[in-house]
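Handing you a structure now.
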Number of protein chains: 2
Amino acid sequence: METVGRMAGVSQVTVSRALSEPSKVSSETLRRIHEAIRVTGFVPNAIAGALASQRSMLVSALVPSISNIVYASMIAAFNERMRARGYQILLSETGFDLGDEEAFIATHLSRRPDAVLLTGVHHSVQARRMLLAASVPVVEVWDISSTPIDICVGFSHVEAARAAADFAAKAGYRRAACLSAGDERARRRQQAFAEHFERSSGQPVVKAAFDAPATLANGRTGLSRLLQSGFSDGVVFCSSDLLAHGVLVEAHARGLAVPGDVAVIGFGDQDYAAAVEPALTTVRVDREALGAAAAETILSRFRGQQRVENVIDIGFDIIRRGSA
Amino acid sequence: METVGRMAGVSQVTVSRALSEPSKVSSETLRRIHEAIRVTGFVPNAIAGALASQRSMLVSALVPSISNIVYASMIAAFNERMRARGYQILLSETGFDLGDEEAFIATHLSRRPDAVLLTGVHHSVQARRMLLAASVPVVEVWDISSTPIDICVGFSHVEAARAAADFAAKAGYRRAACLSAGDERARRRQQAFAEHFERSSGQPVVKAAFDAPATLANGRTGLSRLLQSGFSDGVVFCSSDLLAHGVLVEAHARGLAVPGDVAVIGFGDQDYAAAVEPALTTVRVDREALGAAAAETILSRFRGQQRVENVIDIGFDIIRRGSA
DNA sequence: CTGTTAGCGCGTTCAG
DNA sequence: CTGAACGCGCTAACAG
């Protein structure tokens, strides 16, 4: 800035102002400064800016998995809103381990983010402490808690699973099975679905769970396991559309009719859910709305509104298509 | 650090050293310093550290799409290597627009990353200029160029498409079609496949291209369009496994046998490629190896090795499965 | 509208 | 093995 200023015949401070508050600089000096910037190829140093202003314009986001479209699409929506206000996202993949998450939180906080987004409402004690000490807005997404660290935006996994169980019972299915992949929230849904369905139908619900992440192959294996366990002629509640899709493929390979021989309910309503054969009945979670709502609450905190609603339930919908 | 030092009975400098070069501090002072850190809940300020040391420990990465598993899995591998060395990734989604990419590059460079990863080898003139001026290692991935900005790690899209065309011809297919989604590299592959197949078979290749990103639904629509255009009884070369999967679903819905009535070749070898019915014949690109190689070249630059090989071709493989 | 001054919280010399 | 002094490049007051 010193160099640019010298070239434009002004001081370093004026250059700084020209960049951050152009309205406070005369149009003529502004012109000369921009010309000097162009000639020198000057790129402002955001690090120094952050140190001086105590605002990094960085928001850190921690998700279990980047390659899981479920989180990726939520982050995309979040990112878009934040970027429109000049914030950049520092994204990390934590896996599903709370200890790892704690380490990531420490690393992220060292960069002094202006806000933090976390996935889920369960965090280590030390993590909570660090986040509170950082005294920046913290948003927990993808779940609901009555005692968030700061703000939470999500939906109730238990209620969603119960709604699916009600749907299955009302659709006339007498028997049900659950298929879930390795993630705590998925298992909570499985549990809630099973309890609720068993209560209303009186029939035991067969379960299969993978420790591994959800894949199409696991969906296929999952249906095989359920059939081996004696399940037949009922509905399979899957913890993700990907697993549900695998069930569809396996059913097809075995010559089982869907939903005649086996019905399928997915979770998430991914973009392919409506395109598979038969189209997937699923629980829709509006991930874009979730990411957007998370961004909005953070931004309103930045505007100084301390009294933001701190528990936002974005709900869910059961989307009935052909598979169940 | 001042506060921590006072509590431990040492100066700020010693605290700094205790954190960055513990071997240069006596074990007793080390102990007291760590105790003080624990009590105060001190979290080092990486911003100030970066400003003083002129090293941000940040590496910026620009990909067309975060939610596209193709890039996400490459970034995951890249990230893992860099993180092991203490670097954090600043990730942005550029879309497929070179102008937008330029804006992102400027924003990223203002954070003074220690290295930059870009997707593709085509960038705006201004982008190249800025990157060169930044004088940090720059890796272009996912393509090959004889004149990279600095380093490139990828494979030849033209050669991959030609290999697929050769495979199709040798497998006995006399007619072919191409299906591709909106991305310059996909279109280059489609072009190369068509030229090569037409030359060897003498038959014109039917083409369909989408401006939109690849989705399963587009794959279905794509097959419909190709059939309408008069295509039948041949092989469809798709620009991604997702499109190929859509073709599979649509063929099934229409009662067409795969590969009997229509054969399918995908691109990428995603994890579901082997799990669909029939399993997908596809062009495998080792995305993990790509991400890892990109990280390794950057890290060796950091170690001061200026003479790193600057064009790395990781190649590809044709994986023959059931669909073609 | 512009400039002066004083930090932001660290790492990096160089002395001891 | 430890500390004093300095500066990284910028923003935030304040004064003119």
How would you list, by chain and number, every residue that makes a side chain to side chain contact (heavy atoms under 4.5 Å, CB included) with B:Ser145, sequence neighbours excluded?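 Residues passing side chain to side chain contact (heavy atoms under 4.5 Å, CB included) with B:Ser145: B:Val121, B:Thr147, B:Pro148.
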List the atom pairs, donor and acceptor, that lie under 3.5 Å between side-chain atoms in residues 84-94 of chain A and the rest of the protein, sequence neighbours left out.
residue, atom, partner, partner atom, Å
A:Ser92, OG, A:His108, NE2, 2.8
A:Glu93, OE2, A:Ile66, N, 2.9
A:Thr94, OG1, A:Val63, O, 3.3

Of all residues at least two apart in sequence or in a different chain, which pass the side chain to side chain contact (heavy atoms under 4.5 Å, CB included) check with A:Ala295?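 Applying side chain to side chain contact (heavy atoms under 4.5 Å, CB included) to A:Ala295 gives A:Phe78, A:Arg81, A:Met82.
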Students should find this one: the first and last nucleotides of DNA chain C, 5' to 3', lying under 4.0 Å from a heavy atom of chain B. What are they?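 So the contact region on DNA chain C extends C:dG9 to C:dT12.
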Partner residues of A:Ala181 under the side chain to side chain contact (heavy atoms under 4.5 Å, CB included) criterion, sequence neighbours left out: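 Only A:Ala214, A:Ser239, A:Leu243 meet the side chain to side chain contact (heavy atoms under 4.5 Å, CB included) criterion with A:Ala181.
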Can you sort out the partners of B:Thr29 under side chain to side chain contact (heavy atoms under 4.5 Å, CB included), two or more places apart, ordered by chain and number?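 Partners of B:Thr29 under the side chain to side chain contact (heavy atoms under 4.5 Å, CB included) test: B:Val10, B:Val25, B:Ser26, B:Arg32.
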Give a yes or no answer on whether the side chain of B:Arg287 reaches the backbone of B:Gly268 with a donor-acceptor pair at less than 3.5 Å.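 Indeed, once roles are kept as given, a pair shorter than 3.5 Å links the two residues.
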Kindly state which residues belonging to residues 26-42 of chain A come within less than 4.0 angstrom of DNA chain D, counting heavy atoms of the residue only, listed by number.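 Residues of residues 26-42 of chain A under 4.0 Å from DNA chain D: A:Phe42.
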Please report the shortest heavy-atom distance between B:Pro113 and B:Ser60, naming the atom on each side.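 The pair with the smallest heavy-atom distance is CB-N, 3.8 Å.
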Determine to 10° how strongly the helix from C:dC1-D:dG16 to C:dG16-D:dC1 is bent, judged from the axes of its five-pair ends.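 One end axis against the other gives 30°.
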Partner set under salt bridge (Lys or Arg N to Asp or Glu O under 4.0 Å) for A:Asp286, not counting sequence neighbours: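 In terms of salt bridge (Lys or Arg N to Asp or Glu O under 4.0 Å), with neighbours along the sequence ignored, A:Asp286 is linked to no residue.
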Tabulated below should be each protein N or O lying under 3.5 Å from an N or O of nucleotides 12-16 of chain D; please produce it.
none

Can you tell me if CD on A:Glu80 sees more than 12 non-hydrogen neighbours from other groups inside 6.0 Å?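 No, CD of A:Glu80 has 12 or fewer neighbouring heavy atoms, counting only those of other groups under 6.0 Å.
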Could you check whether atom CD of A:Glu28 has more than 12 heavy atoms from other residues, nucleotides or ligands sitting under 6.0 Å from it?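 More than 12 within 6.0 Å, yes.
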Calculate the interatomic distance between B:Leu51 atom CG and D:dC6 atom C1'; express it in whole Å.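 So the CG-C1' distance, B:Leu51 to D:dC6, works out to 13 Å.
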Measure from CG on A:Asn45 to P on D:dG7 and round the result to the nearest Å.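 So the two atoms are 18 Å apart, to the nearest Å.
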Residues in ring-ring contact (aromatic ring centres under 6.0 Å, His included) contact with B:Phe155, at least two apart in sequence or another chain: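 Scan of B:Phe155 (ring-ring contact (aromatic ring centres under 6.0 Å, His included), adjacent residues dropped) gives B:Trp142, B:His157.
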Compute whether any side-chain donor of one residue and acceptor of the other, for A:Arg112 and A:Ser56, lie under 3.5 angstrom apart.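 A:Ser56 and A:Arg112 do not have a side-chain donor-acceptor pair below 3.5 Å.
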Report all side-chain donor-acceptor pairs from residues 122-137 of chain B shorter than 3.5 Å, counting only partners two or more places apart or in another chain.
residue, atom, partner, partner atom, Å
B:His123, ND1, B:Glu101, OE1, 2.8
B:His123, ND1, B:Glu101, OE2, 3.3
B:His123, NE2, B:Gly120, O, 2.9
B:His123, NE2, B:Glu140, OE2, 3.0
B:Ser124, OG, B:Glu102, OE1, 2.6
B:Ser124, OG, B:Ala127, N, 3.0
B:Gln126, OE1, B:Arg129, NE, 3.1

